Amino acid sequence: MAPLSPGLSGSPQHQTSPKKSPIQSLVSLSPGMLSPAMGRANSNDEEKASIANSPTHSIMSSPKLWHKTSICRLAEEFFWIGGSVVAQPKWRLGQIIERCMCTMQTGTQMTKLKGKKKGLVRFFFLDEHKSCIRWRPSRKSDKAKITIDSIHEVREGKKSEMFRRYADNRFDPNCCFSMYFGARVKSLDLVTTNAEQARTWIHGLKYLMAGISDEDNGTLSIGEVHQLLHKLNVNLPRQKVKEMFQEADTDENQGSLGFEEFCSFYKMISTRRDLYLIMISYSNQKEVMDLQDLARFLENEQRMRGLAREHLVDIVHKFEPCPENLQRLVLGIDGFTNYMRSPAGDIFNPEHNQVNQDMSQPLNNYFIATSHNTYLTGDQLLSQSRVEMYSYVLQDGCRCVEVDCWDGPDGEPIIHHGYTLTSKILFRDVIETINKYAFTKSPFPVILSIENHCTVPQQKKMAEYLKEVLQDKLDLSWINAQEFRKLPSPELLKGRSSSRVKSCLLILTLLQRKEMCQMKTLKMRT
């Protein structure tokens, strides 16, 4: 990995900066390393352009000022009060973040919702390393914690399934928020005593999820380096980290790493020995690979044939960060590592990143990405049912989701795993979520595998919701059943949802009728 490589992030903003802070270098090396919250904060192209052209953009070239600028930019993105960005000067926003961190570490008494009970009053606080949320009292003692890295999303207001179990006027929405965390996507639903406390925790959590340190002195101590490596899942012995830290710490300010020192330290821990050995084996023990060395490697190891010189030169220009190596048209260990870690070095065929098969065949000719018990976050006996699971699987590319429908109270059909202790969610909420996320990942059809256990009145309610919510996405009246003797193709059904009703009672009846017909046929033949 090349700490000084300007071209891996794909961001013009980063390429124009002559210097980067340590964490900026990490972002350019590993674009997905920071949390999704940081990605969302930089998603607006127009905003990027305006920042790149503004006077404050030059601040990014100074390692000492970068941290404070990052704090201000994060605050501008995340701090919303009453629907508008807080109109405060940048130094004031930095103070707001510092106050959030201080309040969270001091701790806040909040109500933790659990089932339909009154709720549990607990004392929540941010630990000293700012790496996890803890609470007390708890029977779990030290295990009662949620790591910042495990948090997927923070939602303000009463938007979770847990809040829906309570009466609308039970809690003030301004005092409510939910954290979604863990591999099974659990939610921690909290109610504060006032709206200011809720805002403080929401803003503080979003800031921490962005993965940016709030130190603004432009250096990292050995403790901060250990904390950073822990966040990046770099598991090295502490003594080894200390030795490399001391080797990189060469200036007069002993005990901390500046920008250039951190780059040296990062290069020490990130250089892959296996790739280095491969490089020197093809370069005759030289520290660089020339075009002939690179060609031999690609032919022998990557099984590439017919390599033109222009293609080899293009690899060097694209992945080599060192200007001297670029002039000599050679790849150093940084450039070679960049190439091997890029999509260009993947065994995966890049043509398959997009749909490349014939999509005009009948629907039953294809393997379909299918989800079983989509609504469940865990096991089939005791786990929670969550509406959010449909959004997660659809955004992951799933094209067939399961909907187990049962009669619910007040004439509203519900979804859960029958005859178990799994929780229940509303059918309408699920259909609304499917409608919202069905085609965000793919334009090809979504199949609703409906396991229907409802009585006729609630079946009519289901049909009403399907028509009302999905509207034209469910309209297949334009398909002529006589003309299409086979199932329609994915290409023909782009942007449509189809329903495949799977009723246990209906299937049993059909099987019985089929067996009876076969018996009658046999009698007639004999």
Side-chain angles (χ1 to χ4, degrees), residues 1-9 11 13-35 38 58-74 94 97-98 101 127-131 148-149 207-208 210-273 275-276 321-323 332-335 337-338 341:
M1 298 182 187
L4 300 177
S5 172
L8 289 180
S9 68
S11 169
Q13 179 180 337
H14 287 208
Q15 293 178 16
T16 56
S17 298
K19 291 184 179 181
K20 300 177 185 175
S21 75
I23 297 194
Q24 274 183 299
S25 298
L26 290 178
V27 174
S28 68
L29 281 164
S30 303
M33 199 169 281
L34 296 182
S35 72
M38 188 62 179
S58 61
I59 292 176
M60 304 304 287
S61 64
S62 170
K64 291 186 177 181
L65 295 178
W66 181 83
H67 289 291
K68 187 170 290 185
T69 305
S70 299
I71 293 170
C72 297
R73 290 193 58 199
L74 281 168
I97 292 179
E98 184 178 353
M101 297 296 104
D127 75 333
E128 59 178 336
H129 300 296
K130 301 178 184 176
S131 61
I148 299 298
D149 292 340
Y207 166 73
L208 290 170
I212 304 298
S213 170
D214 59 353
E215 299 294 333
D216 60 0
N217 57 11
T219 62
L220 292 174
S221 66
I222 182 67
E224 291 168 327
V225 167
H226 279 302
Q227 183 180 350
L228 177 62
L229 295 180
H230 174 70
K231 287 184 176 180
L232 301 179
N233 289 324
V234 178
N235 298 314
L236 289 175
R238 296 181 72 86
Q239 183 60 31
K240 182 68 175 177
V241 173
K242 182 179 180 181
E243 292 173 2
M244 291 189 290
F245 184 94
Q246 292 173 343
E247 184 179 347
D249 189 10
T250 56
D251 63 6
E252 298 177 355
N253 186 16
Q254 291 292 299
S256 63
L257 299 181
F259 172 66
E260 298 295 343
E261 292 174 320
F262 181 84
C263 289
S264 300
F265 170 80
Y266 187 73
K267 190 170 183 178
M268 291 179 198
I269 68 172
S270 61
T271 298
R272 286 177 49 176
R273 179 177 174 79
L275 293 182
Y276 179 74
C322 177
I333 182 59
D334 294 337
T337 303
N338 291 345
R341 294 183 66 249

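Below, each value reflects all heavy atoms present in this structure, side chains not excepted, and no hydrogens, waters or symmetry copies. Just so it is clear, the model here is predicted, and its values are computed rather than measured.
- Thr250 meets the side chain to side chain donor-acceptor pair (under 3.5 Å) test with no other residue; sequence neighbours excluded.
- For Asn253, the side-chain contact (heavy atoms from CB on, under 4.5 Å) criterion is met by Thr219, Asp251, Ser256, not counting sequence neighbours.
- If you take CG on Asp334 and OG1 on Thr271, they are separated by 6.5 Å, rounding to the nearest 0.5 Å.
- Using cut-offs of 30° and 60° for the angle between ring planes, the Tyr266 and Phe262 rings count as parallel.
- Every residue meeting the side-chain contact (heavy atoms from CB on, under 4.5 Å) condition with Ile222, not counting sequence neighbours, appears here in chain and number order: His226, Val241, Phe245.
- Judged by distance alone, the side chain of Asp249 and the main-chain N or O of Gln254 form no donor-acceptor pair under 3.5 Å.
- Here the CD1 atom belonging to Ile148 is positioned 5.0 Å from the CG atom belonging to Leu208, to the nearest 0.5 angstrom.
- To the nearest 0.5 angstrom, Lys267 atom NZ is 8.5 Å from Ile333 atom CD1.
- Here the CG-OG distance, from Asp149 to Ser131, works out to 8.0 Å after rounding to the nearest 0.5 Å.
- Looking only at side-chain heavy atoms (C-beta outward), Leu236 and Met244 come within less than 4.5 Å of each other.
- We find the NZ-CE distance between Lys130 and Met101 to be 6.5 Å, quoted to the nearest 0.5 Å.
- For Gln239, the side-chain contact (heavy atoms from CB on, under 4.5 Å) test picks out Lys242, Glu243, with sequence neighbours left out.
- Within the 4.5 Å cutoff, no side-chain heavy atoms of Ser221 are placed close to those of Val225.
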